[in-house]
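Starting from 1, each residue takes its place in the sequence as its number.
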Amino acid sequence: MTGLENENPTLYSKTRERQTTDTDYDDDVAEEIDSREVYDLIRSINDPEHPLSLEELNVVENARVEVSNKDSSVSVQFTPTIPHCSMATLIGLSITVKLIRSLPPRFKLDVQITPGTHVSEGAINKQLADKERVAAALENSHLLEVVNQCLSARK
């Protein structure tokens, strides 16, 4: 026994890379942030339990990312691979940290578990929505190290 909660997760194919244009690199052209851009930021986050990305495990999907430039808000729903995943809070925290580090500070973030996909979704969503609790979690050096591992490029 390996001690993994989900020893044989289902693997999904990766989304094709976004086609870039010259305006993507032109600082003089103002562009709005769209859902695909946010999805591209979070899809490569490493799963804390498997040597796979959240995209490969279908934990994050472009269809579950919403962006409102008018309201400066980003909403992401993620789906744990099993309904009793003990890593769900860590996954949500990793998504939140990646977005805090990557998006302009004007954006209000809402990271939640997809409704009906986790036995403790209410409690976890409450933790992820609490800015003070998120900040306190990131002051824990061990937890921050684990989050940074999830956000680091896979070797």
Side-chain angles (χ1 to χ4, degrees), residues 1-18 33-69 71-155:
M1 176 146 190
T2 63
L4 298 176
E5 289 183 350
N6 186 3
E7 292 186 35
N8 296 305
T10 303
L11 294 181
Y12 296 82
S13 13
K14 291 184 174 183
T15 306
R16 290 185 181 183
E17 293 296 320
R18 177 201 281 248
I33 294 174
D34 62 18
S35 62
R36 176 59 195 260
E37 189 172 355
V38 172
Y39 176 69
D40 285 344
L41 291 171
I42 63 174
R43 70 188 201 154
S44 62
I45 294 173
N46 299 310
D47 180 80
E49 193 173 39
H50 298 283
L52 301 165
S53 71
L54 297 185
E55 175 186 35
E56 291 170 306
L57 294 170
N58 210 37
V59 172
V60 294
E61 301 173 82
N62 190 31
R64 297 204 180 279
V65 176
E66 294 179 8
V67 176
S68 171
N69 284 281
D71 298 329
S72 295
S73 66
V74 171
S75 174
V76 175
Q77 290 184 344
F78 67 98
T79 307
T81 59
I82 52 177
H84 55 276
C85 176
S86 66
M87 300 291 169
T89 305
L90 179 58
I91 291 168
L93 185 60
S94 296
I95 292 169
T96 300
V97 169
K98 179 66 174 183
L99 295 177
I100 288 170
R101 291 178 181 174
S102 304
L103 294 174
R106 68 182 171 92
F107 280 95
K108 179 181 182 292
L109 304 176
D110 180 30
V111 176
Q112 294 189 13
I113 293 178
T114 306
T117 62
H118 195 279
V119 295
S120 301
E121 72 184 64
I124 294 170
N125 288 342
K126 186 175 179 179
Q127 290 176 347
L128 293 172
D130 186 334
K131 289 181 185 179
E132 289 79 19
R133 194 174 262 183
V134 169
L138 297 176
E139 289 177 8
N140 178 319
S141 59
H142 174 70
L143 187 54
L144 183 58
E145 183 179 333
V146 174
V147 167
N148 285 335
Q149 288 173 356
C150 291
L151 300 182
S152 67
R154 204 176 313 148
K155 295 175 183 168

Study note, to complete from the structure: By side chain to side chain donor-acceptor pair (under 3.5 Å), Thr79 pairs with (sequence neighbours left out) Thr114
**Study point:** Side-chain ion pair, Asp40 and Arg36, N-O less than 4.0 Å
**Key:** yes
Point to revise | Heavy-atom check, side chain of Leu128 versus side chain of Phe78, under 4.5 Å | key: yes
Review point. Arg64: what forms a salt bridge (Lys or Arg N to Asp or Glu O under 4.0 Å) with it, not counting sequence neighbours?
Key: Glu61
Study note, to complete from the structure: dist Thr89:OG1 -> Ile124:CD1 (nearest 0.5 Å) comes out at 4.0 Å
Check your understanding: Just how far is it from atom CG of Asp34 to atom CG of Asn62, taken to the nearest 0.5 Å?
Key -> 8.0 Å
Check your understanding: Taking side chain as C-beta onward, heavy atoms only, is Gln149 less than 4.5 Å from Pro48?
Key -> no
**Study point:** Which atom of His118 lies closest to which atom of Cys85, heavy atoms considered
**Key:** NE2-O, 2.8 Å
Revision key, fill the gap. Heavy-atom nearest pair, Val111 first then Gly92, reads CG1-O, 3.9 Å
Check your understanding: Can you find a heavy atom in the side chain of Val146 that is under 4.5 Å from one in the side chain of His142?
Key -> yes
**Study point:** Test item: Asp47 and Thr81 side chains (from C-beta on) under 4.5 Å apart, heavy atoms
**Key:** no
Review point. So which heavy atom on Ile33 is nearest to which on Val67, and how close?
Key: O-CG1, 3.3 Å
**Study point:** Residue pair Asn69 / Phe107, side-chain heavy-atom distance below 4.5 Å
**Key:** yes
Check your understanding: Residues in side-chain contact (heavy atoms from CB on, under 4.5 Å) with Ile100, at least two apart?
Key -> Thr96, Leu109
Review point. Just wondering, do Pro80 and Ile113 contact through their side chains at under 4.5 Å, heavy atoms?
Key: yes
Practice item. Measure the CG-CD distance between Leu57 and Glu49 for me, rounded to the nearest 0.5 Å. Key: 9.5 Å
Exercise for review: Return each pair, listed once, that meets side-chain hydrogen bond (donor to acceptor under 3.5 Å, both in side chains) where at least one residue sits in residues 100-113; pairs must be two or more places apart or across chains.
Suggested key: Ser72-Arg106, Arg101-Asn148, Asp110-Gln112
Review point. If we only count heavy atoms from C-beta on, is the Ile42 to Leu54 side-chain gap below 4.5 Å?
Key: no
Check your understanding: Between His84 and Val119, is there a donor-acceptor pair closer than 3.5 Å when you use the side chain of the first and the backbone of the second?
Key -> no
Practice item. For Glu121, check salt bridge (Lys or Arg N to Asp or Glu O under 4.0 Å) against everything at least two apart and list the hits. Key: none
**Study point:** Interatomic spacing from CG in Leu93 to CE in Met87 - rounded to 0.5 Å
**Key:** 13.0 Å
Check your understanding: Got a second to check how far Lys98's NZ is from Cys150's SG, nearest 0.5 Å?
Key -> 12.0 Å
**Study point:** Inter-residue atom distance Leu151.CG - Ser94.OG, 0.5 Å rounding
**Key:** 5.5 Å
Revision key, fill the gap. By side chain to side chain donor-acceptor pair (under 3.5 Å), Ser68 pairs with (sequence neighbours left out) Asp71
